[in-house]
Each structure stands twice: as structure tokens, then as C-alpha cells.
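Keep in mind it's a predicted model, so treat the numbers as computed, not measured. Residue numbers start from 1 in every chain, and the chains themselves are labelled A, B, ... in the order their sequence lines are given, proteins ahead of strands.
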Amino acid sequence: MNLSLEHINKAFESKVRLGIMSALMVNEEIDFTTLKSLLDLTDGNLASHTRSLEELGYIQSKKQFIGRKPNTTFQMTESGKAAFSEHLKALEDFLKISLGN
Amino acid sequence: MENKEVIDTLSEIRDMMAKSSKVLSLSGLSCALVGVLALLACGAAQYVLSNPSWMHYQKVSILTTLALILLVICAATVFLFARYKAKKNNYRFTFDQTSRRMLWNFAIPLITGGILCIGLIHQAHYGLTSSMMLIFYGLALINLSSYTFSSTKYLGYAQVILGLIDFMAVNHSLIFWAIGFGVCHIIYGILFYFLKERKGER
């Protein structure tokens with residue numbers, strides 16, 4: 001059981017980050033506003049979480065202007081995909097083992 | 001970490017994946033209501049067609065207007081029911097990326113079919129319009145199913161098949177149209193409401 005717990009990623013313990021990763025896993029890209037309404041967060045709160053995920057290299061952002069409004073879209077990186085898949089697998093393995101006992 | 005915690009986390013992940021990629025506020029009741037409206041419109045169309053006092057060109061323009069009014073009322077019905085369902089279930093109801101993508105993918109086959117139908121009416125191929133409407137509407141539903149409840153594709157398959165049969169069988173356009181847009185919508189809407197929405201509420 002310890003073995004699978006090792007793979008549970010600390011970066012995804014926060015609900016918000018887990019939400020961001022889950023949403024980006026099934027979408028090519030998501031813009032800031034959509035992500036904000038999906039997770040029901042304030043601008044600052046979402047920005048701090050996306051920044052830390054970006055620093056970990058799990059997601060990348062793309063800034064562009066639509067007219068005069070800045071618009072940021074987020075994408076998952078390959079390493080983000082790998083890390084999140086591993087996290088998911090660890091959670092599932094943990095369940096399998098503990099339900100098996 | 002507790003089992004329950006892990007189960008909750010996994011279900012949160014699944015919910016977020018569904019919520020972020022699909023529009024879940026479409027309502028089964030609005031689908032059934034659209035079917036009822038379509039049947040009423042069929043009754044009106046039958047009345048217009050069998051009335052000898054109108055000229056041919058008058059009938060065409062009355063039926064076209066009727067179809068456009070029906071389209072607007074149906075779109076409004078679906079919109080209002082979706083807004084109500086979103087409010088009741090605390091879903092977000094915004095014109096965001098997810099809903100834009102859904103509408104766009106639904107619109108592509110629909111607009112293509114619509115332009116084709118205008119062309120057919122213009123060239124006086126009236127009998128073909130109902131099968132084209134059914135086929136393209138069915139394709140639009142199948143396309144839509146990736147962006148909302150996936151079961152809408154079955155309604156789409158039914159429409160496409162009916163459209164193709166209608167295309168082969170001459171002179172029964174209104175009946176096929178009534179079965180496709182009326183009866184199929186009502187059956188699907190009611191099934192969806194009882195199997196999916198009511199179940200989800202409990």
C-alpha cells in the first residue's frame with residue numbers, strides 16, 4: 001500500500017488544482033473565464049493555482065488579445081498529462097488494494 | 001487516506017471532466033415538448049395542404065412561414081428549459097467555450113441542410129425537403145452527442161434512417177416528418193426524463 005501512496009502527487013491534493021487538471025485532461029485548451037466559472041473561483045485565486053501548476057511544468061498558458069481584452073488559454077503539457085495519469089492510477093490502485101483487503 | 005476520500009476525489013475528477021467538456025443542462029421535457037409542437041405544426045400543415053381555396057404559391061409561403069415560426073418557438077423552448085434546469089441543479093449557464101462548441105457543432109449540419117432545403121424549395125422539389133430536413137437534423141444530433149448527453153445520437157440515428165426511408169418512399173413526406181420530429185422527440189424526451197433526469201434527482 002505504501003508503494004501506491006508514493007505515486008499520489010502532492011501537487012494535486014488541492015481541490016482546485018485537481019479540478020484544473022481534470023478539465024484540461026479532456027479539453028485541448030480552456031480559456032481563463034471558462035475555467036473560472038467551471039471551478040467557481042475568483043480571478044486571483046485561479047491565477048495563483050494556474051501559476052503554480054505552470055511552474056511545475058504541468059500546464060502552459062498562451063496569452064492573446066481579443067480586441068482589447070486580454071485572453072489567456074491553458075493547455076496541459078505532456079509531463080502534466082503523465083503526472084496526472086499517474087496520480088489517477090495511484091488513486092485507483094489504492095482503492096483496489098484497500099477494497100481487496 | 002480514507003477509502004471514501006479517494007472515492008470522492010475520483011468522482012470529483014469524473015464530474016469535472018464531464019462538466020468541462022459537455023453541456024449537461026439540456027432537458028428531456030423540452031425535447032418532448034418540441035415533439036408535441038412539431039405534431040401540432042403537422043396538423044396545421046395538413047390543413048393548409050388540403051384546403052382547396054389557397055393557390056399553390058400561397059401554400060408554399062404559408063408552410064415556409066409556419067416552419068420558421070416553429071423553429072423559433074422550439075429553440076426558445078429548449079433554451080428556457082435548459083436555463084431552468086441549470087438553475088435548479090446549480091449548473092453554470094453561460095455562453096462559454098463549452099456551450100459555444102456545442103452550438104457550433106450542432107449548427108454545421110443544420111445550416112448546411114437548411115441551405116439545401118431552401119434550394120430545393122426554390123427549385124420546386126418540395127417532396128425532397130422533408131427527407132433532407134430529417135437527414136441533416138439527424139446528422140446534427142449525432143454531431144451534438146459528443147458535446148452533451150451521448151444518448152442524443154440514438155435520436156439522431158432514428159432521424160437519419162427515417163429521412164432515408166422518406167427519400168425512397170414518395171408522397172408520404174408529412175407522415176415521416178411527423179414521426180421524426182414529432183413522435184421520436186416525444187419518445188426520446190420522455191425516456192430521457194424518466195431514465196436519466198428523475199434518476200439523477202433521487
Is it the case that more than 12 heavy atoms not belonging to Trp104(B) sit under 6.0 Å from its CH2 atom?
no

Side chain, backbone, both or neither: which part of Arg101(B) has an atom under 4.5 Å from a heavy atom of chain A?
side chain

Which residues in residues 25-47 of chain A have any heavy atom lying under 4.5 Å from a heavy atom of chain B?
Met25(A), Val26(A), Asn27(A), Glu29(A), Ile30(A), Asp31(A), Thr34(A), Ser37(A), Leu38(A), Leu39(A)

Non-hydrogen contacts under 4.5 angstrom with chain B: give the residues of residues 52-59 of chain A involved, or none if there are none.
none

Within the supplied structure, the quantity of interest is the number of heavy atoms (other residues, nucleotides, ligands) at a distance under 6.0 Å from Tyr154(B) OH; does it exceed 12?
no

Chain A contact via Ile13(B) - which portion, at a heavy-atom distance below 4.5 Å
both

What pair of heavy atoms forms the shortest contact from Ala23(A) to Ser20(B), and how long is it?
CA-OG, 3.5 Å

Among Gln97(B), Met17(B), Met16(B), which residue has the highest count of heavy-atom pairs closer than 4.5 Å to chain A?
Gln97(B)

Return yes when atom CZ of Arg100(B) has more than 12 non-hydrogen atoms of other residues, nucleotides or ligands closer than 6.0 Å, and no otherwise.
yes

Members of residues 105-140 of chain B whose heavy atoms come closer than 4.5 Å to chain A:
none

Can you check whether anything in residues 62-75 of chain A gets within less than 4.5 Å of chain B, heavy-atom wise, and list it by number?
none

Is the CZ atom of Phe149(B) crowded by more than 12 outside heavy atoms at less than 6.0 Å?
yes

Is any side-chain heavy atom of Phe94(A) closer than 4.5 Å to a side-chain heavy atom of Asn3(B)?
yes

Tell me, side chain or backbone of Glu12(B) under 4.5 Å from chain A's heavy atoms, or both, or neither?
side chain

Report the distance from atom CD of Glu13(A) to atom OG1 of Thr9(B), rounding to the nearest 0.5 Å.
9.5 Å

To the nearest 0.5 Å, what is the distance between CG on Leu10(B) and CG on Leu18(A)?
9.0 Å

